[in-house]
Structure formats: structure tokens, C-alpha cells
Amino acid sequence: MRTVIIGGVAGGASAAARLRRLREQDEIIILERGHHISFANCGLPYFIGGEIKDERMLTLQTPQSFKARFNIDVRVRNEAVAVKPDKHIVVVRELDNNGEYELSYDKLILSPGAEPIKPPIEGVDLPHVFTLRNIPDTMKIKSYIEAENSKKAVVVGGGYIGVEMAENLVKAGLEVSIVELADHLIAPLDGDMAADVHRYLRDNGISLYLGNAVTKITENEVFLQNGSISADMVILSVGVRPETSLAKECGIELNQRGSIIVNKQMQTNFPDIYAVGDAVEVADFVTGEPSFIPLAGPANKQGRIAADNIAGIPSEYNGTQGSAIIKLFDMTAASTGLNEKRAKAMGIDFDKTYTFSASHASYYPGAKNMSVKILWDKQTLRLIGAQIVGFDGVDKRMDVLATAIRFGAKVTDLAELELCYAPPFGSAKDPVNMAGFVAENIITGKIKQFFWHDVEDLPRDGSVTLLDVRTKTEVARGKIDGFFNIPLDELRDNLDKIPKNKPVYVHCHSGLRSYIACRILEGHGLTCYNLAGGWRLYESVLHDRTVPPYICTECK
């Protein structure tokens, strides 16, 4: 049997290797129009920034290594230009000599990936404007920086690739600005969790132009809806679209976005044609709804599943939950499942909480706190999403939460998890456990919450009591208007200062001491609400909103 695979990298190369392990006698051919069959596309920004120094490290497999290990015929610079499903034929163009030939197949796997979007703005095709998709793109950018001695770069788009590019351009010695149409970077994060990211990037010299759009690019300037930025190079990173023109032309069913529609076995509407990777429509694991979530991990799994089914092994892909992580200098941001925006759009009745926990035992040197946000379905208590921003230890906590979502855990199950503990690695009450404890307290009615976005609307007319239980030193650094201060350790001695017939809204730095304050007050017959995430989260969001979206005041 002959299987032809169009496209390599994550999906196509994984499918080929898996199929060979299952079917030693089959003929397997990979067609790749580029020079590289399998490369580390997620590592490309780090070569530009100098973190990865050897270009060869980006190439995971070569045609020769694939042939030697897997006996797979890899044909680079061979572009599939047409598919004839009724005849089981692929028309192939040899790009080096412009010749064409026909290649028959028994099974066909499409792995064309996604292509960067080029917005229809003036100047987008100038020679100093780049996109980043493959190794040749990477070398063009790096060569341009060195040859032109570039000093100022603008990154258009604040998603994962855009922010990674911004970091690495700074490391390459450039002054960098990010322009993002939305009000915050990294769309899978909610705006309140992105606030810490914004402050940190500004502290590292990156200017942010949020809630703004590029209207025109010239040789030395980028014009925005509000203002302009001088720049001698521009990186476009406004998203990707599935590259499915070949599929469309041969009658393969696509959705409105242009993604290939496949079943759980990764089959298209032609039973002998499979599709994998960034070009396909996937089911959102949490909601079951059709989605476009281009990630390397899912693409590898889909390639494996397609190969299994071709080899006669029943195998299904059960959806993508969007687990992702990003390095920002020394900071880490990660997410999985739904954020608030998606949960609201899906009409889910959800609750949320925030915790601020140390990466390991606080008495062991080097501990740093991480912000953890979790969402759960109020009706089922099922954990539906999580976001973490911090430094050391973010990755392993997010992997635990992603696993919990995959296995359908309730949010209260997080309190029960027995996770590894030693002072250099964690705490006896791990940040994941702490998130579960807080959620359990909310669900069982031990605590009532209010949020940073409720603070402005709280009455200041004396009808409620607004209480700050931080220390006087903390209060001196900044406070919320209208809140009066009684430090937690003095609260029991000052209960007479708190009216008995009014609800009390309490905050501390992170929400922990104010929770204890609420338990004290509830024990004395008062109704108490705790500010989720505390002053720290409130101040982070409010600080972020005071920086104009079109200029970074800290970087001037």
C-alpha cells in the first residue's frame, strides 16, 4: 500500500514515522515544497534572539535521516499542485526544474499547516516587513538585522509568536514596540491576568500600543489609529489562517474559516484522504464546539491518529483544550481550557477565583509568587479553565490543571490532589491545592467574593463597610478609595468599630488575610465579602489601565 503525505513538520512527519512503525512493508512518500521536512518552528524566535545559536539545531529531521531510519521517501522542493480524489492521484510540481508528474496513492494525508495573515494595509510588502513561519523566514530576519544594523522594530500582533519575537528582538539589541488591536496581549489570557505581563514587558523595555491598529507602513515609520512609531523593521504576527486552497480545489469539505472538516479518525469527506495539523477544524475539548486551535502538540497527536486508522487500528482524536505556555524573559504565562470571554460566549454559568501562591516553600531561598486563576461550571463544578502568570514552577502547575481538565475533574478535586513536596520544589499546600481550597470555600458558602471590577461600584455612602486589613506599612504604599484600615491582627480588638447591621467588604494584599478576617466577622454575626485576588490584583489591573494604550511612559 502507498500512502502519500503532503506537508511535513509536526503533523505530516509524525504521521509518517508512526505509520512506518506500524506498517514496515508500506510505501510512504512525503511531499514538501520547502527545503526542510521537519523543523522546530516553535524555536524559530529563539534563534533570532541568540538563545539557539546553531541553525542546525532547528532541523529535527532531514530527508536523509528520515530515509535511513524509517525508509520513507522524502521529496523536498516537490509541491502538490492538485489532487484528483476520484483517480487517487496527486499532481506534483518539482520546483527546482518546474517539471510535473502524477503520483498515485492508496491513502493520502494532508498536512499543509497554516500561513501567516498579511493584513491589507499600505506598505505591507516593503522589504523590511517580515512574517515568521519557517527557517528561510528566520534567516531573512536575522540576516536583515545584521546587514542593516537595525535599531528599532515594531511587532504587529501580541499573540504568542508576536510576544516571543518581541522578547528575542530585544535580546538581539533592538528597541521594540508591540501593536495589538485588543486591549491586552496573549488572547487566551483574560485582561486581568495579562496586566502583570504588560507591566513586566514594559519594565524590560518593550513599548505597548494596546487597543490600537496599524494603518500604514513606510520605510521608517509605522502609522497607527492613534499616533505613529519610528521603525526600521516590522514583524507581522496578526494570526494565521489554514492553508487549504489545495483541499478546496479538489472538493474536500471546509468550514467557513477555511479549515478542513474531519471526523474523529481525521478523515475528510473522502474516506481515503485524511487531514491533520493546523489546517483542520477541531472540537474544543471543554465545550465540544468546532474550533481553530493551531498548536504543535495536537498536530503531532492527530498525525499519529491518522496513521493508526490507515494501519487498521481504531483511534480517535477527542478535541483540543488549548494548553499553551510562553516564556517572557524570566516570566512564564500559561493557560488551558476556557477563559472568561469564551465561557461567557458559550453561555456557561461559571464561577472563578484567584490565588497568589509561592512557587516553593517560602522559607527556602528563591520562592516567587504566581497568580493563579481558575474557572469552573457552577452547575457541575467541573473545572473548565485555568491561567497562571509567574516565574518558577508555573509550567508544572499548569500541566496538573490541564490534566485535571482532560480527565473531567471537579474544581473541588484539586484540594484532594497529592502532589510532590520538598522545600526546593513546592509547598505542603501546593498552589494547585490552594486554588482547590479557595474554590471549595466558595462553593460551600464559607466565603463570599467580590471582584476587582466590582470595586468602583461599591457604595461610599456608609450603607456598607469597606475594610482594609493590611498592615499600616502596606496601606502607606497605596490604598483603595473609601476603605478604612484595621490590620488583621488587631481586628478582634476593634470589632466595636464595625457596624453590626451592614455588610462588610474586605481586602488584603492577596485575599488570604481578608479571608481570615471574613471568618472572624462571620463568627460575630456579620455578612462579609472578600476581594478575590486582593489589592495586588486590583492594583495590577488599575495600573495597567492608567498607561495610555498608545504609549509606554515607563520606557521613555
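Basis for what follows: all heavy atoms, side chains included, without hydrogens, waters or symmetry-related copies. A quick note: this is a predicted structure, and the numbers were derived from the prediction, not measured.
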Ala307: which residues meet the side chain to side chain contact (heavy atoms under 4.5 Å, CB included) condition with it, sequence neighbours left out?
Arg18, Leu19
For Ser335 and Tyr160, which heavy atoms make the closest approach, and how far apart are they?
OG-OH, 3.5 Å
Pairing donors with acceptors under 3.5 angstrom, does anything connect the side chains of Glu221 and Ser230?
no
Would you say Val197 and Leu328 make side-chain contact, with heavy atoms under 4.5 Å?
yes
Test of understanding: with ring-ring contact (aromatic ring centres under 6.0 Å, His included), list the residues that count as partners of His88, not counting sequence neighbours.
Tyr105
Under the rule for side chain to side chain donor-acceptor pair (under 3.5 Å), what residues qualify as partners of Gln225, not counting sequence neighbours?
none
Mind checking what makes side chain to side chain contact (heavy atoms under 4.5 Å, CB included) contact with Ile117, not counting sequence neighbours?
Val238, Arg241
Applying salt bridge (Lys or Arg N to Asp or Glu O under 4.0 Å), name anything that partners Arg406, two or more places apart in sequence or on another chain.
none
Donor-acceptor pair between Gln265 and Asn309 side chains, under 3.5 angstrom
no
Exercise answer: donor-acceptor pairs, residues 382-391 side-chain atoms, under 3.5 Å, sequence neighbours excluded:
unit_1: Arg382; atom_1: NH1; unit_2: Val286; atom_2: O; d: 3.2
unit_1: Gln387; atom_1: OE1; unit_2: Asp190; atom_2: N; d: 2.8
unit_1: Gln387; atom_1: NE2; unit_2: Asp190; atom_2: OD2; d: 2.8

Kindly write out the residues that satisfy salt bridge (Lys or Arg N to Asp or Glu O under 4.0 Å) with Glu167, not counting sequence neighbours, or none if the list is empty.
Lys171, Lys327
For Lys301, all residues meeting side chain to side chain contact (heavy atoms under 4.5 Å, CB included), sequence neighbours excluded:
Tyr317
Pairs in or reaching into residues 108-127: which pass salt bridge (Lys or Arg N to Asp or Glu O under 4.0 Å), with residues at least two apart or in two chains?
Lys118-Asp125
Of all pairs that satisfy salt bridge (Lys or Arg N to Asp or Glu O under 4.0 Å), the ones with a partner from residues 91-112, not counting sequence neighbours:
Arg77-Asp96, Lys84-Glu102, Arg93-Glu100, Lys107-Asp272
Asp232: partners by salt bridge (Lys or Arg N to Asp or Glu O under 4.0 Å), with sequence neighbours left out
none
Contacts of Lys344 meeting salt bridge (Lys or Arg N to Asp or Glu O under 4.0 Å) (sequence neighbours excluded), chain-then-number -> Glu340
